[in-house]
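Below, read A as the first sequence line, B as the second, and so on, with proteins coming before strands; counting in each chain starts at 1. The structure displayed is predicted, hence computed values, not measured ones.
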Number of protein chains: 2
Amino acid sequence: MEKEIYDYLSKYIHVTKELEEELGKIDFIKRFRKGTMLLEEGKTSNECYFIIKGCVRDFYLKDGEEKTTEFYTEEQAVVPSAYGKNAASEYYIECLEDVIAGVGTPQLETEIYQKFPQVESLNRALGDAIMAKFQDTLAEFKMTSPEERYLNLIKTRPDLLQRVPQHQIASFLGITPESLSRIRKRIIKAK
Amino acid sequence: MEKEIYDYLSKYIHVTKELEEELGKIDFIKRFRKGTMLLEEGKTSNECYFIIKGCVRDFYLKDGEEKTTEFYTEEQAVVPSAYGKNAASEYYIECLEDVIAGVGTPQLETEIYQKFPQVESLNRALGDAIMAKFQDTLAEFKMTSPEERYLNLIKTRPDLLQRVPQHQIASFLGITPESLSRIRKRIIKAK
DNA sequence: CTGATTCATTGACTTAAGTTAAGAAACAGG
DNA sequence: CCTGTTTCTTAACTTAAGTCAATGAATCAG
């Protein structure tokens, strides 16, 4: 099951025999059942995840309502804001499907980085890319209507619409389930 | 004028004599006149900025309209998404006031980090903090109404309302200038 | 299999944002 | 000081999102 990690790393760096062996030695691949909370509000976080298979979401509880703010699927990294910080998390992280993921801890990271500095460089570069994507997403949010955001989602992450309940998509788009339902109707009619 | 940089760094790390001298040697403080474009759409970016004095904004051009997505003021870092990446910028960065800023380049960063690794660690930590803030801001955007966002802005960055044109605040909040004007009226009436 | 819950849709209604247009106020440059 | 521009506000109107309530479909647990 480490194959996916190996494939992923290979896209960006040359995975040496030593690194491959090292990764094989460490037992950091875990499975989580659908419904598992990887993190809860108020708790601290000492784990980050690299999704090999499955789907995960972040959500806040606001006025008793669940507000979904992010979905993570195959080949995405889930790094809680509170990760390694001894700070209370403001949100939950829930497995929407059975999940297979690589699990990282600050200790494990330090260990790997010391032996394989190229992994740290890669991680930094990926972090920068994630940051740039956040900035883009925020800009998109400020500049577009809910309908445009939904159309954009269809283009960029069509898989989500198949595997995630619609009311969670709605709050991910920042609207109510009723509004999303009407937007879908409007789009179908327009075609 | 390096004093501000020194004061800022001191908040987070011990600034040794050597580091202080080194910073004094390098001439990386620059001034920019109000109206200067620090970066334009389509251009690449080899500079990042640390604002010592003044105010700067990011904006996109969409359908001929300027869409302001971020403001930066004293003690904030402006790191274009395209910084050091040889990629074309999707947005502009403009000085809204006369600006005094520390200017960083990838070369200068490498140089400093080699001599003073603690600066690199600090930078990484600050990067993480900025990332967490982005995530928060995006979540806030999805969960709140324009009016709530405006009220929140009054609390968190009251200075902006004094130094920045209102129509730029409006697009920063993701709404039209007319809407913001009405929101303000509503709030005043409610008091 | 069945009753209960969750989910998506729809309708009626309210509220607020977008749009267009116009005018007043503030500001900048010559 | 005057003039043209930018900025902000207001109004009338349109459009769409929020809210509340009801219904049917799908899903889940016992």
Side-chain angles (χ1 to χ4, degrees), chain A residues 33-36 55 57 59 61-68 71 92 94-98 140-154 160-191, chain B residues 33-37 55 57 59-68 71 92 94-98 140-154 160-191:
Chain A
R33 284 204 185 287
K34 176 175 174 172
T36 306
C55 180
R57 69 165 175 149
F59 70 91
L61 266 188
K62 202 199 169 197
D63 314 322
E65 297 258 304
E66 295 182 0
K67 303 284 184 179
T68 299
F71 295 105
Y92 297 79
E94 180 193 16
C95 297
L96 295 180
E97 305 170 354
D98 289 349
E140 189 212 337
F141 238 83
K142 292 182 178 184
M143 297 195 293
T144 63
S145 66
E147 179 165 336
E148 291 176 284
R149 294 201 290 275
Y150 177 67
L151 289 169
N152 195 34
L153 188 66
I154 292 177
L160 279 187
L161 306 176
Q162 304 308 319
R163 63 204 289 192
V164 157
Q166 198 168 298
H167 67 280
Q168 290 177 6
I169 299 277
S171 79
F172 176 67
L173 292 171
I175 58 178
T176 60
E178 294 92 333
S179 270
L180 179 52
S181 188
R182 279 188 295 244
I183 286 172
R184 283 159 50 86
K185 203 168 150 188
R186 233 161 38 218
I187 291 170
I188 292 166
K189 201 179 286 179
K191 273 197 296 200
Chain B
R33 286 207 183 286
K34 175 175 175 173
T36 307
M37 292 292 172
C55 180
R57 69 165 175 149
F59 70 92
Y60 290 72
L61 266 189
K62 203 200 169 195
D63 313 323
E65 297 260 302
E66 294 183 0
K67 303 284 184 179
T68 298
F71 295 105
Y92 298 78
E94 179 192 17
C95 299
L96 295 179
E97 304 171 353
D98 288 350
E140 189 212 336
F141 238 83
K142 293 182 177 182
M143 296 195 293
T144 62
S145 65
E147 179 164 337
E148 290 176 285
R149 293 201 292 274
Y150 178 67
L151 290 169
N152 195 36
L153 188 66
I154 292 175
L160 279 187
L161 307 176
Q162 304 309 319
R163 64 204 288 192
V164 158
Q166 197 169 297
H167 65 281
Q168 291 177 7
I169 299 276
S171 78
F172 176 67
L173 292 171
I175 58 179
T176 60
E178 294 89 338
S179 269
L180 178 53
S181 188
R182 280 188 295 244
I183 287 172
R184 282 159 51 86
K185 201 167 151 190
R186 234 161 39 218
I187 290 169
I188 292 166
K189 201 179 285 178
K191 273 199 292 200

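The side chain of A:His167 approaches C:dC7 more closely than any other nucleotide in the set C:dT20, C:dC7, C:dA17.
When rounded to the nearest whole Å, the span between CD1 of A:Ile169 and C1' of C:dA8 equals 13 Å. Taking atom CG of residue A:Leu161 and atom P of nucleotide C:dA8, one finds them 12 Å apart after rounding to whole Å. In this structure, the NZ atom of B:Lys34 is 10 Å from the P atom of C:dC27, given to the nearest Å. Separating the NZ atom of B:Lys185 from the C1' atom of C:dA17 is a distance of 15 Å, rounded to the nearest angstrom.
For B:Thr176 and C:dG18, the shortest distance from a side-chain N or O to OP1 or OP2 is below 4.0 Å. The side chain of A:Gln166 places an N or O atom within less than 4.0 Å of a non-bridging phosphate oxygen (OP1 or OP2) of C:dT9. Note on A:Arg186: every side-chain N or O is 4.0 Å or more away from OP1 and OP2 of C:dT9.
Across all non-hydrogen atoms, the minimal contact from A:Arg57 to A:Leu96 is NE-CD2, 3.7 Å. When all heavy atoms are compared, the tightest approach of B:Ser171 to B:Glu66 is OG-O, 4.1 Å. Taking each heavy atom of B:Phe59 and B:Thr68 in turn, the nearest pair found is CB-CA, 3.9 Å. Nearest approach of B:Lys62 to A:Met143, heavy atoms of both residues: NZ-O, 3.6 Å. Between A:Asn152 and A:Glu140, the shortest heavy-atom distance links the atoms ND2-OE2, 3.0 Å.
Across all strands, A:Arg182 comes closer than 4.0 Å to base atoms (heavy-atom distances).
Taken over five-pair windows at either terminus, the axes of the helix from C:dC1-D:dG30 to C:dG30-D:dC1 are inclined to one another by 60° (rounded to 10 degrees).
Of the two residues contacting DNA chain D, namely A:Ser145 and B:Arg184, the nearest-nucleotide position lying further toward the 5' end is that of B:Arg184. If A:Glu178 and B:Ser179 are placed on DNA chain C by their nearest nucleotide, the residue sitting closer to the 5' end is A:Glu178.
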Exercise. B:Glu94 and B:Thr36: side chain to side chain contact (heavy atoms under 4.5 Å, CB included), yes or no, with the steps?
Worked result: CA-CA 6 Å; B:Glu94 179 192 17; B:Thr36 307; over 6 Å; no
For this session: Start with the C-alpha distance between B:Ile183 and B:Ile175, add both sets of side-chain angles, then the distance that settles side chain to side chain contact (heavy atoms under 4.5 Å, CB included), and finish with yes or no.
Result: CA-CA 10 Å; B:Ile183 287 172; B:Ile175 58 179; 3.8 Å; yes
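A 4.0 Å heavy-atom criterion places the boundary nucleotides of DNA chain D facing chain B at D:dT7 to D:dA12, written 5' to 3'.
The shortest distance between side-chain heavy atoms of B:Arg149 and B:Leu153 does not fall below 4.5 Å.
Aromatic ring orientation, B:Phe141 versus A:Phe141: perpendicular (interplanar angle above 60°, classes split at 30° and 60°).
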